[in-house]
Trainee: 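Pasting a structure below so you can have a look.
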2 protein chains.
Amino acid sequence: MTKAIRITEKVTPGVLRERNTRLVLQTVLIGDGSMSRADISRSTGLARAVVSEIVESLMAQHLVVEEVGTPSGRGKPAKPLRVDTDRQCLLMADLRPTEVVAGVVGLDGVIGSTGRVDLPPNPGVDDVIRVLDSFLRQLAADDGRAVLAAGVAVPAMLSPEQGIVESIQLRWTDVDLAGPLQEALGYDVVLVNDATAVAMSELSHQSQAGGSVIVLHIAGGIGSAIILDGRVHLGERQRAGEVGHIDVGVSDRRCKCGRTGCLETVANLPAILGDASVEDLDAVSSPGEDPALRALAERVDHAGRSLGALVCVQAAILDIPDVVIDGPVRRAGARLLDAIEQELARRLPAVDVRRPRFSTMADQSKMHGAAAAAMLHELGVLWHSSPDRA
Amino acid sequence: MTKAIRITEKVTPGVLRERNTRLVLQTVLIGDGSMSRADISRSTGLARAVVSEIVESLMAQHLVVEEVGTPSGRGKPAKPLRVDTDRQCLLMADLRPTEVVAGVVGLDGVIGSTGRVDLPPNPGVDDVIRVLDSFLRQLAADDGRAVLAAGVAVPAMLSPEQGIVESIQLRWTDVDLAGPLQEALGYDVVLVNDATAVAMSELSHQSQAGGSVIVLHIAGGIGSAIILDGRVHLGERQRAGEVGHIDVGVSDRRCKCGRTGCLETVANLPAILGDASVEDLDAVSSPGEDPALRALAERVDHAGRSLGALVCVQAAILDIPDVVIDGPVRRAGARLLDAIEQELARRLPAVDVRRPRFSTMADQSKMHGAAAAAMLHELGVLWHSSPDRA
DNA sequence: GCCATTTAGTTTGGGCCGCGATCAAAATCG
DNA sequence: CGATTTTGATCGCGGCCCAAACTAAATGGC
């Protein structure tokens with residue numbers, strides 16, 4: 001639970017309407033084609049007249065459509081409303097160091113066609129802008145629907161104004177990706193940090209709103225994203241979640257950062273893999289007799305224990321029991337989760353944290369979360385669907 | 001920075017007025033007798049007509065008064081507004097295991113008379129209700145002003161509905177303190193967890209709003225409170241900040257909880273004191289030759305290093321550089337802070353966390369924070385004063 | 001088969017709110 | 001002493017939500 005502490009801005013009647021519009025759209029979205037105006041009025045507490053008015057404006061914006069009502073029970077049959085998925089769509093992209101994965105998603109959060117293209121080696125911003133520009137154009141053209149906005153997940157630290165402050169993976173510092181892109185494309189382009197994107201994606205799979213989730217993103221580095229009570233927490237200098245160089249007391253290896261014992265020395269992807277390849281992780285749950293595989297399994301266990309220690313601390317500090325793991329390590333599967341859970345059990349009473357899990361959308365989670373962020377930015381609404389629908 | 005993610009409630013014109021009323025009151029409060037209606041209009045962006053109307057209602061509620069305007073410059077002289085400190089006051093109390101400290105505070109956050117009374121040994125809820133009832137009545141009678149509300153800091157875990165779920169220090173489980181008290185006293189009684197109260201107090205000393213702070217409260221146990229972007233974070237089961245049994249890898253002692261290495265085994269008050277008394281901490285900065293004192297100083301250093309490790313992790317996860325220490329250990333003074341800072345320097349690049357500090361209001365911080373919570377609850381406004389004013 | 005009943009959605013009048021313009025009051029400046 | 005400037009009150013307007021009345025379209029009982 002949170003408590004707002006200070007009002008900082010005046011409120012005008014216009015804000016009022018905007019908020020209630022969001023509320024109605026959200027209700028339509030969650031209702032998934034089952035809510036009529038009267039239902040929305042009952043569910044939100046808004047007067048029917050107001051709901052009708054707002055729905056009319058949403059239909060004018062091609063965000064909501066009326067379906068044909070099949071009478072059920074007495075009374076005039078209701079006209080069910082659903083989000084208009086025919087006229088507009090969102091684009092989403094996951095910018096990775098060597099490639100871009102992108103796709104189209106409907107306003108209901110259902111993923112349409114997707115694709116990927118390679119980036120040139122050590123891409124500069126201009127390269128990425130060029131690739132994204134043509135890729136997104138092509139996706140939009142193939143889809144046919146108008147584009148409402150695009151969301152792009154980037155492996156970078158972002159300023160509140162959407163500038164890329166730094167990306168270690170892309171070796172960028174202080175560049176503007178969103179600006180040129182939205183100028184070229186003609187619609188809003190929303191950037192999200194990749195770990196945050198995963199968190200947004202998870203949030204959009206929680207059935208109720210205002211939830212909390214911690215995402216651990218394990219790749220070349222270890223990053224995490226924190227959503228507290230439905231709010232993304234970025235920290236005072238947008239550095240929240242930089243947990244790679246925490247010493248949780250499970251290693252005494254020297255880290256390239258100069259200190260020893262950093263989490264990254266045992267739990268980032270290179271540390272886990274050693275000489276092995278990412279594909280080898282698939283077999284790590286039953287390593288058999290192969291000594292290389294057994295060593296890999298050992299390293300996975302060690303990483304799991306370290307991550308377990310981190311999760312413990314996070315859980316004690318924040319009391320968020322939902323922990324999501326994402327990144328290529330997903331391929332290690334249950335073995336990694338088991339190791340984490342084992343460490344949790346050792347350190348905390350069982351009730352405190354649920355077993356961590358991998359991200360719901362797997363390889364698409366960053367992309368999907370970027371779309372969710374774009375949706376939120378554009379319409380002020382987030383999907384809250386069960387995983388099987390999205 | 002945070003981003004609200006979902007609208008859950010309808011907004012009505014009444015809410016609008018309430019919010020803007022808060023905004024105006026807040027502005028008057030911060031202005032500290034220097035803001036006129038016109039100033040408020042300019043500062044908030046609200047039309048002068050609206051500000052006048054709201055000010056009128058605030059004056060009718062005896063929350064704001066007009067002062068005599070001294071002309072300065074051209075034009076009709078402005079009538080400065082200030083918070084009305086003559087008609088109403090707040091009561092505040094700090095419930096400790098063996099005593100209650102309480103006092104009166106004006107609507108401007110200025111502390112008036114204070115006092116303390118002993119509690120019977122192992123007090124039950126009824127004892128505490130009796131003591132608080134008569135103590136607060138007496139304070140109010142001596143003060144003469146009407147009581148707007150009372151805030152009570154309690155060493156307990158609270159439910160969102162203000163019930164006391166559990167207090168280890170008071171040996172209470174599932175009791176209702178606020179209900180009977182406010183029924184007896186006739187005004188709202190707001191309970192706050194003691195660590196949270198310290199955090200609220202610190203927040204009310206930050207000059208700008210929406211700040212973040214981490215409070216470590218070190219006494220018999222170790223608790224912490226987290227305020228993120230101006231919101232108290234309590235966690236999914238109101239257990240956020242239960243850091244006493246984290247293993248930060250600086251101890252291998254057995255803890256009474258059954259595990260080993262818990263922070264409490266080296267950093268809670270009993271662990272620090274050993275055979276020494278709280279008063280001995282005063283001398284710990286220059287222990288001299290006394291072997292007992294030198295041993296105590298050693299233990300303070302060890303506790304500091306452990307706390308430093310915790311602060312490191314918290315800082316990495318949350319990126320909140322402002323860390324406040326409260327509790328009897330305050331008497332260890334700079335020696336404790338030095339030890340913490342040393343550990344921080346060892347573990348993190350210098351820039352990441354500021355040197356921790358003790359709570360601004362010292363022994364009064366819990367009480368003061370409780371008052372701040374009551375103020376927030378009652379008027380939706382928090383003081384944001386510089387320390388010397390409050 | 002017809003009419004009362006029920007439910008959905010629209011229309012209407014009213015109240016609250018914030019806004020901008022207008023106006024009187026009270027100071028300063030030339 | 002009048003023009004100017006600033007404050008604060010008053011008033012009419014438009015936006016928004018609400019409750020009630022009204023129309024539309026189904027069901028069910030007689």
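What's counted below: heavy atoms across the whole structure, side chains too, no hydrogens, waters or symmetry copies. Bear in mind the structure is a predicted one, so any value in this text is a computation, not a measurement.
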Trainee: Look at all strands and tell whether B:R42 reaches a base, only sugar-phosphate, or nothing, counting heavy atoms closer than 4.0 Å.
Mentor: sugar-phosphate

Trainee: My understanding is that only one of B:V64, B:D108, B:V65 makes a side-chain contact (heavy atoms from CB on, under 4.5 Å) with B:R82; could you say which?
Mentor: B:V65

Trainee: Measure from the side-chain N and O atoms of B:D143 to the backbone N and O of B:A140, and report whether any donor-acceptor pair falls under 3.5 Å.
Mentor: no

Trainee: I want to confirm an ordering. Mapping A:P80 and A:V11 to their closest nucleotides on DNA chain C, which one lands closer to the 5' end?
Mentor: A:P80

Trainee: Quick one: label B:V51 by what it contacts on the DNA or RNA (base, sugar-phosphate, nothing), any heavy atom closer than 4.0 Å.
Mentor: nothing

Trainee: Tell me what B:A78 touches on the nucleic acid: a base, only sugar-phosphate, or nothing, going by heavy atoms under 4.0 Å.
Mentor: sugar-phosphate

Trainee: Counting only side-chain N and O atoms of B:N20, is one of them less than 4.0 Å from OP1 or OP2 of C:dC17?
Mentor: no

Trainee: Taking the nucleotide of DNA chain C with the nearest heavy atom to each, does B:R17 or A:E66 sit closer to the 5' end?
Mentor: A:E66

Trainee: Looking only at side-chain atoms of A:P13, point me to the closest of D:dC16, D:dA19, D:dT7.
Mentor: D:dC16

Trainee: Out of C:dG18, D:dT27, D:dT7, which has the shortest distance to the side chain of A:R74?
Mentor: D:dT27

Trainee: From the options D:dC17, C:dG9, D:dG8, select the nucleotide whose nearest atom is closest to the side chain of B:S36.
Mentor: D:dG8

Trainee: Using OP1 and OP2 only, check whether a side-chain N or O of A:K76 sits under 4.0 Å from C:dT5.
Mentor: no

Trainee: Counting just side-chain N and O atoms, does B:T12 come under 4.0 Å of either OP1 or OP2 of D:dC16?
Mentor: no

Trainee: What I want to check is whether an N or O donor and acceptor connect the side chain of A:R37 with the base of C:dG9 at under 3.5 Å.
Mentor: no

Trainee: Looking at B:L46, B:L23, B:L81, which one forms a side-chain contact (heavy atoms from CB on, under 4.5 Å) with B:V51?
Mentor: B:L46

Trainee: Please work out if A:S52 contacts a base, only the sugar-phosphate, or nothing of the nucleic acid, heavy-atom cut-off 4.0 Å.
Mentor: base

